[in-house]
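Please read all numbers here as calculations on a predicted model, not as lab measurements.
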Amino acid sequence: MTVSGLERARQALHRDDPEVLLGERECAWLDVKERIYPLANPKGPEELAKDVAAFANTLHGGLLAVGFTTRREHGEEIVDALNPVPRRLVNLDQYRQVIATRVLPALREVTVEWISRENDTGVLVIDIPAQPRSSQLFAVPAPTGTTEVNKAAVGVPVRRGDGTTWLRPHEIQHLIGLGYANFGDGADKLAAALAALQTPREEQPKHAVGGGEPGWSRIFQQAVSDLAEQGVTLGDPISDVDSTGPGVAQHFQVPGQRAGWVLCAQPQHRPVAIADEIWQALLEQGSGAPDGDALSAIGFPAGDPLASHVVDQDATAVPLSGGHWGSGRLLRGPGTHGRDWWWEPDPVASTTMSASTRNWTGSPTPPQLRARVLAILPFADAATAKITPDRMDAVLPELPFSTLAGFTTNLSRRRGGELPAGTWTPGANGNASDRLSYSCEITAPDGELALSAEVMMTLPPAARSSAVIACAEVRVENFDAWSRALHAPVPDLRWSIDDLVEFFVAAWDTATEFLPRMAGDGSSASGRWSGVPQIELSIGAESRHDHEAGDQLMLADVLDLEPFGAGDRRDQLTELFVSVTSAPGLCADSRRRLIRSMLVEMAHRYGFMQVREDTF
C-alpha cells in the first residue's frame with residue numbers, strides 16, 4: 001500500500017469504521033494486535049513504547065490497532081477479522097502516559113482512541129502522525145525486562161517493512177559520530193544522532209505536483225494554480241500521479257490537517273479536486289464490482305473541458321462519468337456528514353430484453369393482458385441473500401396493503417366495481433429459501449378467473465454473487481369474466497395510458513422496495529452494487545400457443561393506443577417494452593416523471609413518432 005492508503009485508513013477509523021483494515025496487509029504503516037498490551041507486566045510498556053517510536057521514526061507515521069486477527073499468506077500477515085477486546089481491560093490514560101514518558105523526545109499529536117463495538121468491546125487505535133524531521137530519531141529506554149526503567153541507556157526502534165527492529169550498536173555509533181562532527185563535542189548524543197540522519201533523508205526524492213504518470217505534469221500544475229486562485233489549497237502531494245480507474249489521480253495533504261484532497265482527471269477534461277472522504281465514498285460504492293476495480297466501474301467526478309472545479313466535503317450530489325457502469329451520480333442525504341452515500345445510475349432507455357424478461361410467463365392458459373415491472377438488482381452482497389420464515393412473517397402481511405394491491409383494487413374501482421385485491425396466497429411459481437411467489441385472484445360470479453396480481457422473486461445461488469430478480473405484475477386473465485365480476489356494463493374495459501402509468505408506478509415500488517426486504521441483509525441494506533440495476537416495463541396481449549388463425553389478440557385490443565397517434569406497426573403490435581437503468585429509492589413522483597419519460601422513449605422506438613413529452 002502507498003502512503004495514501006494510510007491516509008484513507010485514518011479517515012475511515014476517524015469515522016469509527018475499523019472494518020476498513022480487513023484485507024490489508026501489515027506494512028510500513030500498519031501493525032495490528034490480537035491482544036492488548038499487558039501494561040501491568042514489565043514488558044508491556046516497553047513493547048508499547050517501542051512500537052510507537054518505530055512508527056514515529058518513519059517519514060509518514062503509522063497506525064497501531066488492537067483487536068484484530070491475521071492470517072499468513074505468501075509470507076505476509078493479512079488482517080483477517082475483527083476480534084474486539086473488552087473495554088474494561090483498556091485504560092486509555094495509562095496508554096497515553098506510557099507513550100508520553102517513555103518515547104524521547106516527546107511526540108506530537110499522537111492519539112489513543114477507542115472504537116466501541118457491541119457487548120462492551122471494541123478496538124484500540126493508536127495513530128502516530130508524521131513527526132517533524134528535526135525531532136527524529138525517537139528513542140526509548142533500553143529494555144530491562146523488569147519494573148525498573150533504564151536511566152542509563154536508550155534504544156532506537158525503526159519500522160522496516162511489516163516489522164519493527166532496533167538500530168544496531170555500530171549504526172548508532174556511526175550516527176553519533178556524524179552528529180559530533182556536525183555539531184561539535186559536548187552536544188547531546190541523541191540530538192546529534194537525530195540531526196545526522198537528516199542529510200541522507202534530504203536526498204530522497206519528494207513527490208512533485210503532476211509527477212509520476214507521463215503527460216500530466218503541466219496539466220496538474222495548472223489545476224493546482226487555478227484552484228489556489230479560487231481559494232482552494234490542496235497542500236503537498238503525498239503520492240505520484242497514478243493511473244487508476246478511467247484516468248489518473250494524485251493525493252494531497254495540507255500540513256496539520258487530517259483531511260486531504262485527491263486531484264483526479266480523465267483525458268480531454270480538466271482535473272477535479274475531490275475531498276478525500278468523498279473519494280473514499282467512491283471507492284466504497286464501487287467496491288462491489290466483480291473485478292474489485294471500484295473506480296473503473298463507477299468512474300470519476302465529471303470534469304469540465306475548460307476549467308477545474310472542486311467537490312468539497314459538503315457536497316451531497318457528485319455527477320460521475322467514465323466508468324464502465326455508465327454515467328451516474330454519488331448521492332447522500334443532507335446533513336449526513338460523510339455517511340450514507342449511495343450510487344445511482346443515470347436513466348438510460350433500451351428495448352433490449354434481458355435473459356430474465358420472459359421469466360414466469362410460461363402458462364397453458366396465458367392472460368389476455370399482462371403488465372409487469374421486472375427489476376434486475378445486482379446487489380454486491382446478493383450471494384448472502386436468503387428468504388426465511390421470519391422475514392416472510394414480517395413482510396407478507398403487508399401485501400394486501402401494498403401499492404400493487406392498491407392499484408389492482410383501483411383498476412376495477414375506476415370502472416364502477418369494488419373488487420379488492422385483499423387475499424394473497426402462495427403462487428404457482430414456487431416458494432423456497434431462494435424464490436418466492438404470492439398471488440391474489442379476482443373471479444367472476446361463476447368462478448371464472450378475471451383478474452390476478454402476482455409478486456415473484458428469485459435469489460442467486462449462494463456460491464456466487466449475481467442479481468436478485470424481482471417482479472410485480474397484474475394480469476387481465478379474461479375481459480369477459482372481468483366484465484361479469486364488475487356487475488355493471490362497461491363500454492370499454494381496455495386499459496388507458498393513465499392506468500398503465502399508475503401500474504408502472506405501483507409495481508416499480510413493489511419490485512424494487514417491497515420484495516427485496518424479504519431477501520435480508522444481502523439486498524439493498526448494503527447500499528452497494530456489483531453491476532447496473534435495470535428496471536423493465538412491459539405490457540402485452542397474449543394468446544394460447546395453439547390459437548387458431550385470427551384469434552391472436554393485438555395490443556390495441558387491450559390497451560387504448562389513441563394517445564400514441566398513428567404508427568406504422570399499430571395494428572400489428574402485441575406488446576410494448578422498455579428497460580431503464582435506475583436504482584431503488586425513488587419517490588412516487590420521481591418514478592412517475594421517469595416512467596412518463598420512458599413511455600415517450602418507448603413510443604418512439606415502436607414507431608409512434610408523434611408522441612411528445614406532454615402527450616401523457
Ignoring hydrogens and angles, write down the donor-acceptor pairs under 3.5 Å from the side chains of residues 395-403, residues two or more places apart or on other chains.
{"from": "E398", "atom 1": "OE1", "to": "R517", "atom 2": "NH1", "distance (Å)": "3.0"}
{"from": "E398", "atom 1": "OE1", "to": "R517", "atom 2": "NH2", "distance (Å)": "3.4"}
{"from": "E398", "atom 1": "OE2", "to": "R517", "atom 2": "NH2", "distance (Å)": "2.9"}
{"from": "S402", "atom 1": "OG", "to": "L399", "atom 2": "O", "distance (Å)": "2.8"}
{"from": "S402", "atom 1": "OG", "to": "A405", "atom 2": "N", "distance (Å)": "3.3"}
{"from": "T403", "atom 1": "OG1", "to": "A506", "atom 2": "O", "distance (Å)": "2.9"}
{"from": "T403", "atom 1": "OG1", "to": "D509", "atom 2": "OD2", "distance (Å)": "3.1"}
{"from": "T403", "atom 1": "OG1", "to": "T510", "atom 2": "OG1", "distance (Å)": "3.1"}

(request) Please report the C-alpha distance between W325 and W529 in whole Å, then the side-chain angles of each, then the deciding distance to 0.1 Å, and finally whether the ring-ring contact (aromatic ring centres under 6.0 Å, His included) criterion is met. (result) CA-CA 10 Å; W325 286 358; W529 300 99; 8.5 Å; no
(message) Run T351 and M602 through side-chain contact (heavy atoms from CB on, under 4.5 Å) and show every step you take.
(response) CA-CA 8 Å; T351 51; M602 180 169 63; 5.6 Å; no
(message) Would L369 and E542 count as a side-chain contact (heavy atoms from CB on, under 4.5 Å) here? Give the steps.
(response) CA-CA 6 Å; L369 179 153; E542 299 186 18; over 6 Å; no
(request) Might you work through the salt bridge (Lys or Arg N to Asp or Glu O under 4.0 Å) test for R8 and D276, ending with a clear yes or no? (result) CA-CA 8 Å; R8 291 194 287 270; D276 188 68; 5.7 Å; no
(request) May I have the step-by-step check of salt bridge (Lys or Arg N to Asp or Glu O under 4.0 Å) for R612 and D614, ending in yes or no? (result) CA-CA 5 Å; R612 300 180 185 277; D614 59 354; 5.9 Å; no
(request) Assess whether side-chain contact (heavy atoms from CB on, under 4.5 Å) is satisfied between L576 and L555, documenting all intermediate values. (result) CA-CA 8 Å; L576 291 172; L555 188 61; 3.4 Å; yes
(request) Any chance you could lay out the ring-ring contact (aromatic ring centres under 6.0 Å, His included) test for W495 and F407, step after step, and finish with the verdict? (result) CA-CA 12 Å; W495 280 26; F407 168 82; 5.6 Å; yes
(request) For F300 and W279, run ring-ring contact (aromatic ring centres under 6.0 Å, His included): C-alpha distance rounded to whole Å, both residues' side-chain angles, the deciding distance at 0.1 Å, then the answer. (result) CA-CA 9 Å; F300 278 178; W279 182 261; 5.7 Å; yes
(request) Applying side-chain contact (heavy atoms from CB on, under 4.5 Å), run through V490 and W482 and close with a yes or a no. (result) CA-CA 10 Å; V490 180; W482 187 20; over 6 Å; no
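Counting only N and O atoms by type, the side chains of R475 and S452 include a donor and acceptor under 3.5 Å apart. Inspection of the S412 and E418 side chains reveals no N or O donor paired with an N or O acceptor under 3.5 Å. Between the side chains of R528 and S287, at least one donor N or O sits under 3.5 Å from an acceptor N or O. A donor-acceptor pair shorter than 3.5 Å cannot be found between the side chains of S437 and N431. Between the side chains of S354 and E536, at least one donor N or O lies within less than 3.5 Å of an accepting N or O. Between the side chains of S496 and D499, a donor-acceptor pair is found at a separation under 3.5 Å.
To the nearest 0.5 Å, the span separating CG on D434 from CG on L459 amounts to 6.0 Å. Note that CD1 of I469 is 12.0 Å distant from CE of M456, once rounded to the nearest 0.5 Å. Put simply, CG on D560 and CG on L493 are 12.5 Å apart, with the number rounded to the nearest 0.5 Å. Separation of atoms CE (M518) and CG (L436) is listed at 4.5 Å; rounding is to 0.5 Å. Rounded to the nearest 0.5 Å, atoms OG (S116) and CG (D16) are 7.5 Å apart. Here the straight-line distance linking atom CG of L404 with atom CG of L515 works out to 9.0 Å at 0.5 Å rounding.
Although no hydrogens or angles enter the test, the distance criterion places a donor-acceptor pair under 3.5 Å between the side chain of E513 and the main chain of G585. The closest donor-acceptor contact from the side chain of N410 to the backbone of G406 lies under 3.5 Å. Side chain of R332 to backbone of A315: a donor-acceptor contact under 3.5 angstrom is found. Under the 3.5 Å distance criterion, the side-chain polar atoms of S296 are left unmatched by any main-chain donor or acceptor of P246. Between the Q285 side chain and the W341 main chain, a donor and an acceptor come within less than 3.5 Å of each other. At distances below 3.5 Å, not a single donor-acceptor pair connects side-chain atoms of S590 with backbone N or O atoms of L586. A side-chain donor-acceptor contact under 3.5 Å links H269 to the backbone of P267. Looking at R370, its side chain never comes within 3.5 Å of a backbone N or O of S538 through a donor-acceptor pair.
The residues D446 and R484 are annotated as salt-bridged, a charged nitrogen and a carboxylate oxygen being separated by less than 4.0 angstrom.
In this structure, E502 and R414 have side chains that are in contact, with non-hydrogen atoms separated by less than 4.5 Å. Between L599 and L500, the closest side-chain pair of non-hydrogen atoms falls below 4.5 Å. Counting only heavy atoms from C-beta outward, the side chains of L377 and P584 approach each other to under 4.5 Å. Residues E448 and N478 are in side-chain contact: their nearest non-hydrogen atoms beyond the backbone lie under 4.5 Å apart. Side-chain contact between E441 and E477 is absent, with no heavy atoms from C-beta onward closer than 4.5 Å. For the pair S582/V348, no side-chain contact is recorded, criterion being any heavy-atom separation below 4.5 Å from C-beta on. Annotation: side chain of W343 is in contact with side chain of V532 (closest heavy-atom distance under 4.5 Å). Between R117 and P18, the closest side-chain pair of non-hydrogen atoms falls below 4.5 Å.
Taking every heavy atom of both residues into account, A421 and W424 meet most closely at O-NE1, 3.3 Å. The shortest heavy-atom contact between A355 and N359 is O-OD1, 3.9 Å. Closest approach of P378 and P533 over heavy atoms only: CD-CA, 3.7 Å. Considering every non-hydrogen atom in both S466 and A382, the closest pair reads O-CB, 3.2 Å. The heavy-atom pair separating D312 from I278 by the smallest distance is O-CD1, 2.9 Å. Closest non-hydrogen pair, V611 versus P563, comes out as CG2-O, 4.4 Å.
For S321, the side chain to side chain donor-acceptor pair (under 3.5 Å) partners two or more places apart in sequence, or in a different chain, are Q266.
Judged as a salt bridge (Lys or Arg N to Asp or Glu O under 4.0 Å), the pairs with a partner in residues 348-364 (not counting sequence neighbours) are, in order, R358-E575.
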